[in-house]
Amino acid sequence: MPRYLSLIRIEENDTLAGGPSPELIQRMEKLMEEMTKAGVLLDTAGLTPTAQGTRVHYEGGQLSVTDGPFTESKEVIGGYALMQAKDKAEAIEWTKRFLKVHEEHWTVTCEVREIMEG
C-alpha cells in the first residue's frame, strides 16, 4: 500500500499561548488511536517553534545557515503524519478528520503527498 506524508501547516504567530487545549489533545489522541488500530498511522509528531529551528540553504554552490525564528514565514510546518492508505482519497479523508478535531480559532492546512518508493 502507498504511503503518504501529511505536512501540517499552521500560522505560528496565531497559535494560542500554551499550545493546544487539553480537549483538543484528547480528541487528537482518540483519532490517532483509531488511525493506528486501522493500520493507517505509521508515525506522527509536532515540531518545536521556528525560534528553535535552523535553515540550511544551498544556492549557486554556496551554503548558508540561518537560525530561527523565521519572521518572514507566516505559515510554518508545525508537524507531520506518516500514513499508509489504500489510495490518496483515503489519506485525504483521514486528514480531513484530523483537521475537524481542531477548534474554530485554529488555522491549519495539511498538504498530503504520496511518498515515492524505490
Side-chain angles (χ1 to χ4, degrees):
M1 285 203 319
R3 294 181 304 155
Y4 296 88
L5 183 64
S6 179
L7 297 170
I8 302 161
R9 298 179 183 274
I10 61 170
E11 293 186 21
E12 189 172 49
N13 294 331
D14 292 345
T15 304
L16 295 176
S21 69
E23 296 82 13
L24 173 55
I25 291 171
Q26 185 178 25
R27 289 191 302 272
M28 276 192 205
E29 287 173 349
K30 183 178 177 185
L31 178 61
M32 298 304 154
E33 182 179 331
E34 183 181 346
M35 291 175 74
T36 300
K37 285 180 180 176
V40 173
L41 187 62
L42 302 176
D43 190 27
T44 188
L47 301 176
T48 59
T50 61
Q52 298 172 22
T54 301
R55 285 188 179 158
V56 181
H57 181 75
Y58 179 77
E59 182 177 0
Q62 300 295 312
L63 286 170
S64 63
V65 178
T66 307
D67 289 330
F70 311 118
T71 55
E72 71 279 3
S73 298
K74 182 177 179 185
E75 191 177 74
V76 301
I77 298 173
Y80 70 91
L82 179 60
M83 298 177 282
Q84 182 171 283
K86 65 182 179 202
D87 55 28
K88 188 174 182 181
E90 182 185 18
I92 290 170
E93 285 305 313
W94 284 108
T95 300
K96 287 178 181 179
R97 290 188 60 191
F98 168 77
L99 289 172
K100 287 180 181 180
V101 302
H102 290 77
E103 291 100 355
E104 290 183 8
H105 62 265
W106 283 83
T107 300
V108 185
T109 302
C110 289
E111 180 179 333
V112 178
R113 298 176 61 185
E114 186 172 352
I115 295 173
M116 293 174 52
E117 302 291 343

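Residue pairs that meet the salt bridge (charged side-chain N to carboxylate O under 4.0 Å, His left out) test with at least one member in residues 56-66, sequence neighbours left out, do not exist here.
With sequence neighbours excluded, the residues forming a side chain to side chain contact (heavy atoms under 4.5 Å, CB included) with E117 are R3, I115, listed by chain and number. Under the salt bridge (Lys or Arg N to Asp or Glu O under 4.0 Å) criterion, K37 pairs with E33, not counting sequence neighbours. Scanning for side-chain hydrogen bond (donor to acceptor under 3.5 Å, both in side chains) contacts around D87 gives an empty result, with sequence neighbours left out. Under the rule for a ring-ring contact (aromatic ring centres under 6.0 Å, His included), Y4 has no partner lying at least two apart in sequence or in another chain. By the salt bridge (Lys or Arg N to Asp or Glu O under 4.0 Å) test, E111 is found to be paired with R9, R113, residues two or more places apart in sequence or in another chain being considered. Evaluation of the side-chain hydrogen bond (donor to acceptor under 3.5 Å, both in side chains) rule for E34 yields R97 as partners, not counting sequence neighbours. Contacts of T54 classified as side-chain hydrogen bond (donor to acceptor under 3.5 Å, both in side chains), with partners at least two apart in sequence or in another chain: D67. For the side chain to side chain contact (heavy atoms under 4.5 Å, CB included) test, residues two or more places apart in sequence or in another chain that qualify with T36 are L41. For K96, the salt bridge (Lys or Arg N to Asp or Glu O under 4.0 Å) partners are E93, not counting sequence neighbours.
Side-chain atoms of Q26 never come within 3.5 Å of backbone atoms of P22 as a donor-acceptor pair (strictly under, hydrogens ignored). Judged by distance alone, with hydrogens and angles left aside, the side-chain atoms of T50 form no donor-acceptor pair with the main-chain N or O of G53 at under 3.5 Å. Looking only at distances, a side-chain donor or acceptor of T44 sits under 3.5 Å from a matching main-chain atom of Y80.
If you chain together ILVMFWY residues whose side-chain heavy atoms come under 4.5 Å of each other, M116 ends up in a group of its own. Through chains of ILVMFWY side-chain contacts below 4.5 Å, V65 is grouped with V56, Y58, L63.
To the nearest 0.5 Å, atoms CG (L42) and CG (L82) are separated by 4.5 Å. Taken to the nearest 0.5 Å, the CD1 atom of I77 stands 7.5 Å off from the CG atom of L47. We find the CE-CH2 distance between M35 and W94 to be 6.0 Å, quoted to the nearest 0.5 Å. From F98, atom CZ reaches atom OG of S6 across 7.0 Å, with rounding to the nearest 0.5 Å.
Taking the side chain as every heavy atom from C-beta outward, T107 and E75 never approach each other to under 4.5 Å. Between T66 and H57, the closest side-chain pair of non-hydrogen atoms is not below 4.5 Å. With contacts defined as side-chain heavy-atom distances shorter than 4.5 Å, the pair L99/V101 does not qualify. You'll find the side chain of S21 reaches within 4.5 Å of the side chain of E103, heavy atoms only. For the pair L24/H102, a side-chain contact is recorded, criterion being any heavy-atom separation below 4.5 Å from C-beta on.
A85 and M1 make their closest contact through O-CB, 3.8 Å (heavy atoms, listed as atom of the first residue, atom of the second, distance). Residue C110 comes nearest to I8 through the heavy atom pair SG-CG1, 3.9 Å, listed as atom of the first residue, atom of the second, then distance.
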Apply side chain to side chain contact (heavy atoms under 4.5 Å, CB included) to the pair E11 and V108, showing each step before the final yes or no. CA-CA 7 Å; E11 293 186 21; V108 185; over 6 Å; no
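Other residues, nucleotides and ligands contribute over 12 non-hydrogen atoms within 6.0 Å of the CD atom of Q52.
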